[in-house]
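Reviewing the structure listed below.
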Amino acid sequence: MDYQVIVIGSGPGGYVAAIRCAQLGFKTAIVEKYSSLGGTCLNVGCIPSKALLDSSEHFHNATHTFKTHGIDISEPKVNFKQMIVRKSDVVSQNTDGIEYLMKKNKIDVFNGLGSFLDPHTIQIEGKETQSITGEKIIIATGSKPASLPFIKVDKKRVITSTEALELKEVPKHLLIIGGGVIGLELGSVYARLGAKVSVVEFLDGIIPNMDKTMSKELQKSLKGLGFDFYLSHKVTGVAVKGKEITVTAENKTSETIRLKGDYCLVSIGRKAYTEGLGLDKIGVALDDRGRVVVDQNLKTNLDHIWAIGDVVKGAMLAHKAEEEGVFVAEQMAGQQPHIHYNLIPGVVYTWPEVASVGATEDELKKEKRPIKIGKFPYKALGRARASMDTEGLVKIIADASTDEILGIHIIGARAADMIAAGVTAMEFRASAEDVARMSHAHPTYMEAVKEACLSATENRPIHM
Ligand code: FAD
Ligand code: NAI
């Protein structure tokens, strides 16, 4: 065999798996169909979206808050072309970084579409066609945007997140189908840059996988930014006429709305990507949603093939894919790794940010688990007032009898970074009282977590 391990796909799942395999002493190769490494996350996902979110947030602050801070500038203007150039530079810095890491770890990189010729042989169709053999193989081919059968995504006016990160102009009216993470993050970018943004969502709330309090608070904040929401609306048609898009949707009583805009972002989820891999040839099983079926060890129905990340079940998150990459490599080395799926945090990088770990209130109520809840609003924090970021709250859910923290939900400034402390607390099975009795630096946003824990444990917050 040419390699001990071959990884197909160089996203956060694949490249992390390859690095961990190399660290553990396996002779490793990685196959990537695009010329740039890093997968969805680095090229058309996490990184470029955060670059544009930051740029647009600076513009928003320059127009809305600088004056109050005592900074007088002439009216700021958007140089959108430059914003996209900076975003692309950030992407290159990150993808170049992965190339460096592959070299550093002596991982052979093959550019081209990988497919199984037989259970141990991968054909790579790149500039030339070649084949390599591997004892063990990891499928990390990720996901692609999903659409609806009646929508023709022309990638010009009816677009997915990939095109929304590369537009030539700021839309006048961006119509968004799906009020999930992508719709709200990219909608925020364009709303801050001056677009009118309308979101049509099938369910009765946005970010439906998160705690309802977060969903309601975020909707309020985004309405403040100028978003229009059409909840409980099923999209029935998308028509394109020149530069005009018409989205038709129906509510539960079959009343129809028609929204006209100049761009339509389809963000209704993503689907596992296995096209061209030749899995049928070797008999790797897929489920009814096209995901590679894996057992609790992330092994497919073939003993030497594993699958990780977006192409298998579970949250479609970069850090989930990374954990799975490490998990599989360590298993191959005979170790006994573990992933605590319940404690994989979720973050929405809107402003305010939303971050969660553990169970939601509804999930625990469904389980009939007796719980107690503590909340603390950002507006009662000195730190939040000092930086004029008073929107948001922390919600702690603890077991009613043991006081163990079961869920932490934060909406507000810096929530994305704060949630790591929540993960730590829950990994060590902290009680709300444990956290409430720890010293938290003043003034910080984390004081809201301490106060919410005080509120959950004994209903005695200090500053409220
Ligand atoms: P991918 O990153 O999709 O990588 C798969 C790779 O496999 C791709 O490079 C693909 O070209 C390659 N490939 C596929 N088939 C073959 C083949 N046959 N041969 C060779 N190569 C192949 N997640 C977060 O955690 N945080 C975020 O902030 C975040 N933001 C996002 C923003 C957007 C706009 C999008 C679209 C996604 C975002 N995500 C975010 C989700 C995140 O990008 C994915 O969960 C993550 O990239 C999954 O990693 P992966 O390694 O499983 O797959
Ligand atoms: P999503 O699953 O987050 O949201 C899709 C939304 O579309 C849901 O609210 C759903 O109810 C709605 N929807 C589905 N069908 C619809 C229809 N016919 N009409 C109207 N609404 C409909 O998916 P999204 O936003 O496309 O993101 C895909 C994946 O990418 C997510 O799983 C997410 O985990 C990942 N991602 C993560 C980010 C982060 O971690 N910050 C950022 C962006 C994406």
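Numbering of ligands and ligand atoms starts at 1, following listing order. The figures here come from the full heavy-atom set of this structure, side chains too, leaving out hydrogens, waters and symmetry mates.
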Worksheet item: Checking Gln335 side chain against Pro337 main chain: does a donor-acceptor pair fall under 3.5 Å?
Response: no
Discussion item. Strictly below 4.0 Å, N to O, side chains only: are Glu166 and Lys87 in salt-bridge contact?
Written reply: yes
Discussion item. For Glu244 and Arg157: C-alpha separation, side-chain torsions, deciding distance, then whether salt bridge (charged side-chain N to carboxylate O under 4.0 Å, His left out) applies.
Written reply: CA-CA 8 Å; Glu244 190 183 79; Arg157 294 277 159 184; over 6 Å; no
Can you give me every donor-acceptor pair (side chain of residues 410-425, partner residue at least two apart or in another chain, under 3.5 Å) with its distance?
from, atom 1, to, atom 2, distance (Å)
Thr424, OG1, Ala420, O, 2.8

Response to the item:
Ala22 and Thr28 have their tightest heavy-atom pair at N-OG1, 3.8 Å
Discussion item. Applying ring pair (Phe, Tyr, Trp, His ring centres under 6.0 Å), can you list everything that pairs with His60, at least two apart in sequence or on another chain?
Written reply: His64
Worksheet item: Which parts of the protein, at residue level, reach under 4.0 Å of ligand 1 through a heavy atom?
Response: Ile8, Gly9, Ser10, Gly11, Pro12, Gly13, Gly14, Val31, Glu32, Lys33, Tyr34, Gly39, Thr40, Cys41, Val44, Gly45, Cys46, Ser49, Lys50, Gly112, Leu113, Gly114, Ala140, Thr141, Gly142, Ser143, Ser161, Ile182, Arg270, Tyr273, Leu277, Gly309, Asp310, Met316, Leu317, Ala318, His319, Ala321, Tyr349
Please tabulate, one line per pair, the protein N or O atoms found under 3.5 Å from any N or O atom of ligand 2, giving the distance to one decimal.
from, atom 1, to, atom 2, distance (Å)
ligand 2, 3 (O), Val181, N, 3.3
ligand 2, 9 (O), Glu201, OE1, 2.6
ligand 2, 9 (O), Glu201, OE2, 3.3
ligand 2, 11 (O), Glu201, OE2, 2.6
ligand 2, 21 (N), Phe202, N, 3.2
ligand 2, 23 (O), Gly269, N, 3.4
ligand 2, 25 (O), Val181, N, 3.3
ligand 2, 25 (O), Ile182, N, 2.9
ligand 2, 26 (O), Gly269, N, 2.8
ligand 2, 34 (O), Met316, O, 2.9
ligand 2, 40 (O), Val347, O, 3.4
ligand 2, 41 (N), Glu185, OE2, 2.8
ligand 2, 41 (N), Val347, O, 2.8

Worksheet item: Take atom NZ in Lys212; do more than 12 heavy atoms of anything else shown fall under 6.0 Å from it?
Response: no
Practice prompt. Kindly determine whether Asp211 and Lys395 satisfy salt bridge (charged side-chain N to carboxylate O under 4.0 Å, His left out), including the steps that lead there.
Written response: CA-CA 9 Å; Asp211 190 275; Lys395 174 175 176 178; 2.7 Å; yes
Item to complete: Please test Trp351 against Asp389 for side chain to side chain donor-acceptor pair (under 3.5 Å), starting from the C-alpha separation and ending with a verdict.
Response: CA-CA 10 Å; Trp351 200 264; Asp389 272 317; 3.0 Å; yes
